[in-house]
Protein chains: 2
Amino acid sequence: MPDTQDLDPRKAAILEAVVSEYIGTAQPVGSHHVARAAGINVSSATIRSEMVALEREGYLVQPHTSAGRVPTDKGYRFFVDQLAEPGVLGPAQRHKVSRFFEQVHGEMEELLERTSGLLSELTSYASVVLPPSHEAAAVRSVQLVGLGPRVVLLVAVLADGAVEKQAIELPEELPDDVLAAASARLQAAAQAHPLGSVQITEPSGDTQVDRVVALAQSALGDLACEAHDRIFVGGPSRLAGAFDAVETVRAVLATLEQQLVVVSLLRDVLERGLSVAIGAEHGYEPLSACAVVVAPVSVDGRSGGAVGLLGPTRMNYPQALAAARVVGEQLGDRLRTTFDAGPSARSARETRPRRRARGRR
Amino acid sequence: MPDTQDLDPRKAAILEAVVSEYIGTAQPVGSHHVARAAGINVSSATIRSEMVALEREGYLVQPHTSAGRVPTDKGYRFFVDQLAEPGVLGPAQRHKVSRFFEQVHGEMEELLERTSGLLSELTSYASVVLPPSHEAAAVRSVQLVGLGPRVVLLVAVLADGAVEKQAIELPEELPDDVLAAASARLQAAAQAHPLGSVQITEPSGDTQVDRVVALAQSALGDLACEAHDRIFVGGPSRLAGAFDAVETVRAVLATLEQQLVVVSLLRDVLERGLSVAIGAEHGYEPLSACAVVVAPVSVDGRSGGAVGLLGPTRMNYPQALAAARVVGEQLGDRLRTTFDAGPSARSARETRPRRRARGRR
DNA sequence: CTCTGGCACTCGATTGTACCGACTGCCAAG
DNA sequence: CTTGGCAGTCGGTACAATCGAGTGCCAGAG
């Protein structure tokens, strides 16, 4: 990729003006508008000749001859990388965030759900909250609860505040005391170990108990794995306002319904070290009309969680970035202070295994 | 309401033809089309004069002079009440449903989530699943788990398979053994009682324990109350295809995001003894372009849950009704057989209080 | 009295034309 | 290198003509 970063200052200023105006108006912007913009002191004719250069280099396109220019994905990319100011939240929004995190209470799912609502409300884009993976979280409590005649529910409470559950179907009906025994053994073995690495060492005397314990252990493994990650989507209805083609709206919404896709999208973007993915940069074709802004949610240094925003490529990047970062940070703080610093967290932290290595290509 | 039900057979047949065709094509239908329809053996001129009568009586409207007719909400209402055949699922769909309920497994939230996906897929409308209220469900297990220094999580497992949780903030840091004692007292008191009516009778000796127990008890009460009901929405993206005005899509999606509104909408409709609400019949203005189809989900006779479909007023009512009923029934069966018939359910059932009286006007 | 075919009429949708205006590209002069 | 000027392009709008689906009405047949 040769010609990145090297745009002479005037071209850069013109590009900036085009992007800014297009973000505001959604209309192709012509040379006169650019000439009128602040910081530009050349005539429209000069701008025109610069714009053909910018178009040749792929930063702008004309929807048709005799129309203004529109930024390409590359144009937006240059804008966010080189031009956009860090961006700050307005005082009103800042206030909203701090009030939210002062007032919010309750258990974790509710917190995440409402956080995604907050983020969407701040930006008027759709938002996504991806909580940190539970794989490394210490187990605080495990329990087997009998439900149906041959159905028991495995309930695990983790140090990060999450409650995970999985139904287990038994091959035969078992008396309550077997369940209780198995439950106790699980609790003893799992307590304070990370969810991803619970090991039952020695068998008990009772084969029935051992069988149940084995089933439960494999269920715990399932819970730790990635396919169990959940996302919280906020304000999807705002997407309807962001695009004019109803088919685009439909496709984007449909993609948002596929949790796994969204999870890997966010992780991919974060892992590539990006905080913004524009148009086709992430490889997800149905979202090529969208831009994605992500910010990590890190609890105690270890990350894994993220908050994201999904909007049209002509989104307000500075504002979206600022909002995502602030909310991501605050959410991380909140998760840490509320859930993660319990009295027995220390021991859990010592036994935590090597830094989580996610096996994504 | 005088003139309901009394339409001479020919008018009824014409109305039926108009509704059927309009549901299929979304285009205003003219007298010629009706004349060509099966079962109509009069000329288009006759139909025209009948149609002016139907329009005068409010069953049809013309978008403009010299256009065909479109059914009004009243027209649809007559159609579903008097004309539509019961409606059956196609064999392919029937097969999908039975395969789904054979294969599906896992815990309840997952089941509900996937059920709403199924219903949406069957009908191509957006679907809603409202699980039965937990108020009357017996408690199987209650537990207090310490998380942060002053935060404990109350986790309740109910006989219907639900796991409810609530974070409790303590006024002071407490030693683990106080929590354990409180947890044990709660478990003893709540076990097998309905969630809505757990009572701790006598105080223990320890004031610290009693204080925690009191907090937990009020938290249990919160969990039982209606505001805690959750819905599972399936396939909202399908709404984007159902309306052409993007603003309508936005408004409907925004309404679907408000869980409480949807819950009361469904309950209202069910309580009025309806299974279909068309246009403005439910009082929810933003949904006046929609029709809602609901079917109860009853577990062991007591109902409270529901499945619903949300689509344009020109939805395929017979098919939607059939799908909702079948899925609602199957879901009820599934909930009963998997979760509700456990060994200790008997005692719970005996202590169940008077039939739940929901206080909705 | 009801039904029907015929007929005049209405009105949205489509097509064609003209025009305006917002652009651009190019060029010659500063 | 920059600039103002100018011709040219093309989408959007306004307007008229046309088309056609569909209506309402009516006179005549059954």
Side-chain angles (χ1 to χ4, degrees), chain A residues 6-15 17-22 24-72 75 244-245 314, chain B residues 6-72 75 244-245 314:
Chain A
D6 50 352
L7 279 184
D8 59 276
R10 198 170 65 186
K11 280 207 185 69
I14 291 173
L15 179 54
V18 172
V19 173
S20 301
E21 175 140 351
Y22 187 69
T25 65
Q27 298 294 327
V29 351
S31 52
H32 283 105
H33 288 274
V34 176
R36 249 176 272 132
I40 307 264
N41 292 316
V42 291
S43 78
S44 63
T46 311
I47 292 171
R48 282 201 286 283
S49 67
E50 295 284 50
M51 295 216 296
V52 304
L54 284 168
E55 180 161 10
R56 197 177 40 237
E57 294 167 41
Y59 294 97
L60 297 176
V61 277
Q62 273 182 301
H64 53 85
T65 344
S66 91
R69 256 79 170 196
V70 165
T72 60
D244 26 52
R314 43 169 279 273
Chain B
D6 49 351
L7 278 183
D8 59 276
R10 199 170 63 186
K11 280 207 185 67
I14 291 173
L15 180 55
E16 175 167 16
V18 171
V19 173
S20 302
E21 174 139 353
Y22 187 69
I23 285 176
T25 65
Q27 298 294 325
V29 351
S31 52
H32 283 105
H33 289 273
V34 177
R36 250 176 271 131
I40 307 266
N41 291 316
V42 291
S43 77
S44 63
T46 310
I47 292 172
R48 281 200 287 283
S49 67
E50 294 286 49
M51 294 217 295
V52 304
L54 283 169
E55 180 161 11
R56 197 175 42 237
E57 294 167 41
Y59 294 98
L60 297 177
V61 277
Q62 273 182 301
H64 53 85
T65 345
S66 91
R69 257 75 172 199
V70 165
T72 60
D244 27 53
R314 44 169 280 272

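All chains are named by letter (A, B, ...) in the order of the sequence lines, taking the proteins before the strands, and each is independently numbered beginning at 1. Not measured: the values here are computed from a predicted model.
- Every residue two or more places apart in sequence or in another chain that forms a side chain to side chain contact (heavy atoms under 4.5 Å, CB included) with A/A67 is listed here: A/P63, A/H64.
- Here the shortest heavy-atom pairing between A/P71 and A/L60 reads CA-CD2, 3.8 Å.
- A heavy atom closer than 4.0 Å to some atom of DNA chain C occurs in B/R10, these being the qualifying members of residues 9-17 of chain B.
- The two residues A/G58 and A/T72 have their closest heavy-atom pair at O-OG1, 2.6 Å.
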Check your understanding: What does nucleotides 8-20 of chain C look like as a protein-contact string, B for base, S for sugar-phosphate only, - for none, at under 4.0 angstrom between heavy atoms?
Key -> --BBS--------
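- Note on residues 30-42 of chain B: pairs passing side-chain hydrogen bond (donor to acceptor under 3.5 Å, both in side chains), not counting sequence neighbours, are B/E21-B/H33, B/S31-B/R48.
- In this structure, B/S44 contributes its side chain and B/A35 its backbone to no donor-acceptor pair below 3.5 Å.
- Residues passing the side-chain hydrogen bond (donor to acceptor under 3.5 Å, both in side chains) test with B/T46 are B/S43, sequence neighbours excluded.
- The stretch residues 25-52 of chain A touches DNA chain C through A/G30, A/S31, A/H33, A/R48, A/M51, A/V52, each having a heavy atom within less than 4.0 Å of the strand.
- Expressed to the nearest 0.5 Å, how far CG of A/L15 lies from OH of A/Y59 amounts to 8.0 Å.
- Scanning both residues, A/V29 and A/M51, for their nearest heavy atoms gives O-CE, 4.4 Å.
- Protein chain A touches strand DNA chain D; the 5'-most and 3'-most nucleotides with an atom under 4.0 angstrom of its non-hydrogen atoms are D/dT2 to D/dG11.
- Nearest heavy-atom pair across A/Y22 and A/Q27 is CD1-O, 3.1 Å.
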Pair up each side-chain donor or acceptor in residues 7-14 of chain A with any protein partner under 3.5 Å, not counting sequence neighbours, and list the distances.
| unit_1 | atom_1 | unit_2 | atom_2 | d |
| --- | --- | --- | --- | --- |
| A/D8 | OD1 | A/K11 | NZ | 3.1 |
| A/D8 | OD2 | A/R10 | N | 3.4 |
| A/D8 | OD2 | A/K11 | N | 3.3 |
| A/R10 | NE | A/E50 | OE2 | 2.9 |
| A/R10 | NH2 | A/E50 | OE2 | 2.9 |

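- Remark: B/E55 pairs with B/Q62, B/R69 by the side chain to side chain contact (heavy atoms under 4.5 Å, CB included) rule, at least two apart or across chains.
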